[in-house]
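A short worksheet on the structure shown next.
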Amino acid sequence: MRKVAIIGVGLTKFGELWDVSFRRMITEAGARAIEDAGIDGKQIGAMYVGNMSAGQFVRQEHIASLIADQAGLTPIPCTRVEAACASGGLALRQAMISVASGIHDIVVAAGIEKMTDVLTEQTTEALATAADQEWEAFVGTTFPGLYALMARRHMYEFGTTEEQLAKVAVKNHHNACFNPCAQYQMEITVEDVLNSSPVNTPLKLLDCSPITDGAACVILAPADKAREFTDTPILIAGTGQASDTISLHDRPTLTGLAAAKKAAELAYDMAGVGPNDIDLAEVHDCFTIAEIMAIEDLGFCKKGDGGKVTEQGETAIGGRIPINTSGGLKGKGHPVGATGIAQAVEITQQLRGEAGKRQVNGAEIGLTHNVGGSGGTVVVHVLRRGD
Amino acid sequence: MEVGIVGYGVYIPRYRLKVEETAKIWGADAERIKRGLFLEEKSVPGPDEDAATIAVEAARNAVKRAGINPQDIGAIYVGSESHPYAVKPTATIVAEAIEATPDLTAADFEFACKAGTAGIQTCMGMVGSGMIKYGMAIGTDTAQGAPGDPLEYTAAAGGGAVIVGKGGDQILATIDDTYSYTTDTPDFWRREMRPYPKHGGRFTGKPAYFKHVLSAAHGLLRKLQLTPKDFTYVVFHQPNGKFPLQAGKELGFTKEQIMPGLITPKIGNTYSGASMIGLAAVLDQAKLGDRILVVSFGSGAGSDAFSITVKEGIETKRDAAPKVADYINRKVNIDYATYTKFRQLLVR
Amino acid sequence: MAVPRFWREIPNRYNLIGTKCGNCNKVFFPPRYICPGCRRIGKLEPYKLNGKGKIISFTITHVAPNGFEDQAPYALAIIELDEGPCLTAQLTDCDPNQVKIGDRVEMAFRRMGQDGEDGAIYYGYKARLV
């Protein structure tokens, strides 16, 4: 099995992109990545695209064909990958496997979601299809509801506070101020979060990631050829994926994601590293509680200490284990299918030393953590500066 | 044909709207209305309740009290003026929810407030003739009172269920006989596709309620050669708290015989549920040997009278499910605005 | 929700019929068709749960999904049933602010929604405090 490296990255601005269509977003992200890699489009052997709900948002299925077509890259194989909010991470993994196997050489892993063409209620309904339709959605559950159930139990078992949850949002908004592609570039305070309108107690509006349009793209190549294209190849040292019950109520615990622990274990194992070797991570903060559980699941702190560790600043850019330097889903935005790829873009830029004011000094090994739904699918990647 | 009641159950939603709340909106004198109707407040169904959910709760309570296998129920009849569907029976929803399907017959009845007792008579015939082992009759309603109409003070929600079976140690009371008095009298009606009923004002009194209730009562007493003194209790259909007291007085019953079955003052007129819940309230306290006269009334018009004698089965079965008093005491008062939201008068 | 899809689950939604594995005796609600533990040697049969349990987490929903707006704010809970499995249900007939982890509940038959004014009415279970 060959080693695989990232040789180019690109992404659109994330936000409410009224003027930009689904097709234009993907071609824009793709063009930037190809430019960054310094390759000719004709060298691309295959594409994998993560997207959760083009059917519900823009009434378009068969987007694999649409994207290959719009990119001008037919007849190469293009595959659409779906795992709710983990679609992007899963596309990256599938792309990596296709290069590692030797079947393809240069492969695109992209992600895209166009969420704002429909009304907010329709967006929320589309997102809720990541939950169990018969036994969660049917009884009045929403996405924030599921994470709120986890938050309340986490508070009950470990004493995590609403202020600690708020600190995740404050940190991520702060980080996003240094990210020109982020949806939001504004600081917020703990009071702002606590006073924002309740969505599903204990989660309030500012505990929740926004609705966003955006696309992101990375180009993969076999590691032993990567230096033909770039001086800073970033190795995908480890990949891990795990599944869990689709319903939250079918799990033995509500305060952590077993699939995240498992996926991380597999990725760490493949990369030959442990949590203490990780210099920074992009985790799936769809809601503030999700980041707190993520850092516990990934082994960056003890179970139950996620809130405390955040409060003490250990996850800030200058801290022990910087989390979501890009602004995370909360500050950068969460175009569902694109998020997993955007996480890889951030880690790549950090490991290359190109992260500007967000830079974590001396970053060598990074991690991405991408969750589908309430944890039914989790994909974790460990990235390392190539030699 | 000895048939009797094997089980009974009721359900009343927990929300209440006081007369004062409605009177305030329309600028009326609440005290005068309370005195005139002899009624304090009415029950209001929650936003996730309807005549079917109420029927299911009552039916489940009845099955609990009866202690029978629901698969032995051969017929279910649900009477209501507020069936959730105009076409698609409530009875099959109930049948499924008490696991009585598929070996049974079912249908919905309509006869204004006496649709439930009409169902009892049908079950009596089917059980007595040996066609079925047990039959269930339910009266349930989430009645609508037009805003500003006097009926708004009384139109309430609730339901009662009775399981009829053959005489023997299963029954908690025998239904000794029944007699009905029926004419074409348009005192109160609702046209197809119209949201609210209309009524003939004072015409709903003497020529309607009183004529049929008194005639049915006389008819049954004559048939059985009994007098009011032979009864421990009497339960009338109760559109307000006053009519039953008046009817009882004219027939020669005492207040003590009437009051235990008079529940409208506390929960309003539950329409098809009213006589059934009144009967249940009496069964909740009656003793072996007590005789109960039940006279329902449905506009349009007709009255069903029943003579019921309590057996010892009642002592063991009574406590198996919540009593009428339990539901009456379980309450939360709401204001008129919340009432309009619950009753879908305020739609987004 | 399409009529056949709703109709198929009526016994499960109305009467809490789940499944039980004849091999390991584990009870599942919502029903499962493969026992994850026993797999091919598992023998799943219908099994009726009694509808009683306790709350292990809850949230008060302020921003409700389509069809539930008129009931907001309402409490939504994950309930551990006495027989073992957990389900998610809305709390009815209660002040959502009174709900606590550990509260005992029972399932009640309630109207869950409808397919528009002209469509089918969905019934199912909601929890109430006992």
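A, B, ... follow the sequence lines: proteins, then strands. Residue 1 opens every chain.
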Closest non-hydrogen atom pair between [X] and [Y], with its separation:
X: C:Asn15; Y: B:Ile98; result: OD1-N, 4.4 Å
X: C:Phe109; Y: B:Ala97; result: CE1-CB, 3.9 Å
X: C:Gly119; Y: B:Tyr85; result: O-CE2, 4.4 Å

> Would you say B:Pro47 and C:Tyr74 make side-chain contact, with heavy atoms under 4.5 Å?
Replying inline: no

Interface residues of [range] facing chain C - non-hydrogen atoms under 4.5 Å apart:
range: residues 49-75 of chain B; answer: B:Glu49, B:Asp50, B:Ala52, B:Thr53, B:Val56, B:Glu57, B:Arg60
range: residues 104-112 of chain B; answer: none
range: residues 328-344 of chain B; answer: B:Arg330, B:Lys341, B:Gln344
range: residues 9-22 of chain B; answer: B:Tyr11, B:Arg14, B:Tyr15

> Can you say whether C:Ile121 sits under 4.5 Å from chain B via the side chain, the backbone, both, or neither, judging by heavy atoms?
Replying inline: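 Both parts, backbone and side chain.
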
>> For C:Gln114, which atoms come within 4.5 Å of any heavy atom of chain B: side chain, backbone, both, or neither?
In response: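 The answer is neither part of C:Gln114.
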
More than 12 heavy atoms of other groups within 6.0 Å of [X] [atom1]:
X: B:Lys198; atom1: NZ; result: no
X: C:Lys54; atom1: NZ; result: no
X: B:Leu345; atom1: CG; result: yes

Gap separating the [atom1] atom of [X] from the [atom2] atom of [Y], nearest 0.5 angstrom:
X: C:Tyr14; Y: B:Thr101; atom1: OH; atom2: OG1; value: 10.5 Å
X: B:Asp48; Y: C:Lys126; atom1: CG; atom2: NZ; value: 3.5 Å
X: B:Glu96; Y: C:Trp7; atom1: CD; atom2: CH2; value: 10.0 Å

> What residue, out of C:Arg110, C:Arg13, C:Lys48, C:Gln71, has the most heavy-atom pairs lying under 4.5 Å from chain B?
Replying inline: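 Max contact count across the listed options: C:Arg110.
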
